[in-house]
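Quick note: numbers below take in every heavy atom, side chains included, and nothing from hydrogens, waters or symmetry partners. Each chain gets a letter, A, B and so on, in the order its sequence line appears, and its residues count up from 1.
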Number of protein chains: 2
Amino acid sequence: MTATIKDVAREANVSVASVSRALNGHGSMAEETRARVLQVAKRLNYAPNGMARSLIMRRTHTLGALLPELHGEFFSELIRGIDLAARSNGMHLMVSSSHGNAAEVATALQAMRGRVDGLLLMSPYADAGFLQQNLSDALPTVLMNTRMPGTGISSFSVDNYAAARAMVTHLVACGHRRIVHVAGPTENFDAAERRRGYEDALRALLPDQRPEVVAGRFTEESGHAAGARIAAMAEPPDAVFAANDSMAIGCLFALGAAGLRVPEDIAVTGFDDIPIARFINPPLTTLRVRIAELGRHAMERLVATVADQGNPRIETRTLEPELVVRASCGGDRTRKQTN
Amino acid sequence: MTATIKDVAREANVSVASVSRALNGHGSMAEETRARVLQVAKRLNYAPNGMARSLIMRRTHTLGALLPELHGEFFSELIRGIDLAARSNGMHLMVSSSHGNAAEVATALQAMRGRVDGLLLMSPYADAGFLQQNLSDALPTVLMNTRMPGTGISSFSVDNYAAARAMVTHLVACGHRRIVHVAGPTENFDAAERRRGYEDALRALLPDQRPEVVAGRFTEESGHAAGARIAAMAEPPDAVFAANDSMAIGCLFALGAAGLRVPEDIAVTGFDDIPIARFINPPLTTLRVRIAELGRHAMERLVATVADQGNPRIETRTLEPELVVRASCGGDRTRKQTN
DNA sequence: TTGTATGCGTTATCAG
DNA sequence: CTGATAACGCATACAA
């Protein structure tokens, strides 16, 4: 059995109160006593029980992160930022994943109660009503990329719509006419926003072109499959805008395997700017979302909210991704089009 | 304030004991009472406090994972497996990272005490003595890729040495003579084993060749830098064996950017078979480590150990990575060498 | 079937 | 400066 505070007290011939004082540095006590207690504690390899401590202190020193998934480069980056912020603030991190639908989020939410001081929630599948109903207002919460209830909750999100429009605008400016969109899961809010941006921009800029969407699931595999389908089209498009980089990369390889040259025959662009995008060949034009930074900011806000308690300042930050043009698409393309 | 068991008891006109019974299904009670309690609990949106529950039950239903890092495709895969096993066994997951040295591991170990039912530890920087001293034998522990204390602790690891030898053997069989190794961090045990395998195999197979090692840090960036250095060598080698795929991929792009053709001029191979390796072009020959599966197995063992308690079966599994040959290197290469 | 009382390990309040 | 002792929220042996 692990040593408890009582064991230390007995061995050091003091009360448990004194042990607690010695360890936490509260109150004043004889230096001699303190030294003895500390020595015994070390000898017994004593470590305070987190549960008991949390129970009375009403602080678990743990922050929860409810994410739809843990897997893939996007979440890897996100977790990096989250972990960084948590750790640098002396907080533990509890992660929970695979919330493909609202019901699972509800369950996870319940399970976190009394285990964490605050919650970072990213749930692209839950709507405002659900959140309104399931979010305990006793538990400090920060939302990420989630349709916000509009009130009382800090929220960090990416302006998917505006960014998608920017990408389409860029492609059109490069002279592309038939631009296909490889979409994310239909129930996913981010995916829906990106698609909406694509469709609106296309209709506004190229009224004679009909938006054309190929389904994907945000994974490399699904991007690969989408690429294969695109390459097999009767008349392949001259540009592909994938809803995220993973799919863009999968698509890239599929198109290459099918004999299409990128970017000469067909341009491919993505969304996120995940680390691998820097190295991929042919170069990938994409929309840079500083994922890790976004996660870190959200977590920092959560820490502040937990610390403030009485005075929770609401922060709503919307980040517009930055267009990163890596593939050259200017001169040649335009000329080819105007010919 | 969040509702407690007392609130439910008061509202339902029963004792807290009855509420507890109703919720946990223990003991027998009038169906009518149970229904009333459950209804009140739902109305009050009551959820048991995890801390208090853990304190008395002596089970936190939480498993801890101490990893050197959370970032990158390798850990992304690992976490996937870990999370999968934890969740499918109804366990919460607490992660802790960035243990670049033994001291940090010790701190993290302390912090986990009393917060988790069991620990999955991957610490390529800690040695047997350290573990012997810091691992509480009260806390079920499973080791991953860690020099084992040899006794009493389940351990799952990759046979880095044998795999590295296999890779060198393959390269030599393909006709390569000057094989450079891009190593991982020197203090990292996995990295050291892979390097040892490379050196031993090279000395055994090609006694006239001197092992040549370029430093790396397991990251894509460091692989890229290593590739640049290799391309700049007076007489570039005809093969590169990187200690992991991330570096191999970074290296690949750097070599390509420097005008070297892969695999015609120089072969590049890696270690891990991370997901992206399937799509990369030119194809990457690598050593497949079923990372997610390894994580899942380790976690399953941990769950079993936690459940057994009195009778902890020790399981030591060593996984030998499988050679995945994606790049063709047979005919041409051999001919070129023999000319 | 139900309620009372005790304890889990800790911190905090109050006397001494 | 130190030691009892009461919480914290919950589960359970025991009594009713």
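- Note on A:Ser54: nothing from the nucleic acid sits closer than 4.0 angstrom, heavy atoms only.
- Relative to the side chain of A:Asn24, the nucleotides C:dA12, C:dT11, C:dT4 differ in distance, and C:dT11 lies closest.
- Once rounded to the nearest 0.5 Å, the distance linking CE of A:Met299 with CG of A:Leu120 reads 5.5 Å.
- When the side-chain nitrogen and oxygen atoms of A:Lys6 are compared with OP1 and OP2 of C:dT10, none of them lie within a distance under 4.0 Å.
- Heavy atoms from other residues, nucleotides or ligands lying under 6.0 Å from CD of A:Gln133 number 12 at most.
- Atom P of nucleotide D:dC10 and atom NE2 of B:His26 are separated by 16 Å, given to the nearest angstrom.
- Taking atom CZ on A:Arg21 and atom P on D:dC1, their separation rounds to 10 Å, with Å as the unit.
- Comparing C:dT1, C:dT10, C:dC14 by their closest approach to the side chain of A:Arg53 singles out C:dT10.
- When rounded to the nearest whole Å, the span between CZ of B:Arg113 and C1' of C:dT10 equals 15 Å.
- Checked against D:dT2, C:dT1, C:dA12, the side chain of A:Ala30 finds its nearest nucleotide in D:dT2.
- Residue A:Leu44 contributes atom CG, which lies 15 Å from atom C1' of C:dG9 at whole-angstrom precision.
- Nearest to the side-chain atoms of A:Met57 among the listed nucleotides C:dG9, D:dC1, C:dT11 stands C:dT11.
- Proximity note for B:Thr33 (side chain, C-beta onward) versus C:dT11, C:dT2, D:dT2: the nearest is C:dT2.
- Computed from coordinates, the A:Met51 CE to C:dT10 P distance equals 12 Å when rounded to whole Å.
- Distance A:Leu23 CG to C:dG9 C1': 13 Å, rounded to the nearest Å.
- If A:Val19 and B:Ala52 are placed on DNA chain C by their nearest nucleotide, the residue sitting closer to the 5' end is B:Ala52.
- Within 4.0 Å of A:Ser18, counting heavy atoms only, lie sugar-phosphate atoms of the nucleic acid but no base atom.
- Set against C:dT11, D:dA4, D:dT12, the side chain of A:Ile56 has C:dT11 as its closest nucleotide.
- For A:Glu315 and A:Arg317, the salt-bridge test passes: some basic side-chain N is under 4.0 Å from an acidic carboxylate O.
- A salt bridge links B:Glu11 with B:Arg43: the closest approach of a Lys/Arg side-chain nitrogen to an acidic carboxylate oxygen falls below 4.0 angstrom.
- Distance, B:Glu32 CD to C:dT1 P: 13 Å, rounded to whole Å.
- If you check every strand for non-hydrogen atoms under 4.0 Å, A:Ala17 touches a base.
- Atom CZ in A:Arg58 sits about 18 Å away from atom P in C:dT10, given to the nearest Å.
- Counting only heavy atoms from C-beta on, A:Val16 has its side chain closest to D:dT5 among D:dC10, D:dT5, D:dC8.
- For the pair A:Leu121/A:Met144, no side-chain contact is recorded, criterion being any heavy-atom separation below 4.5 Å from C-beta on.
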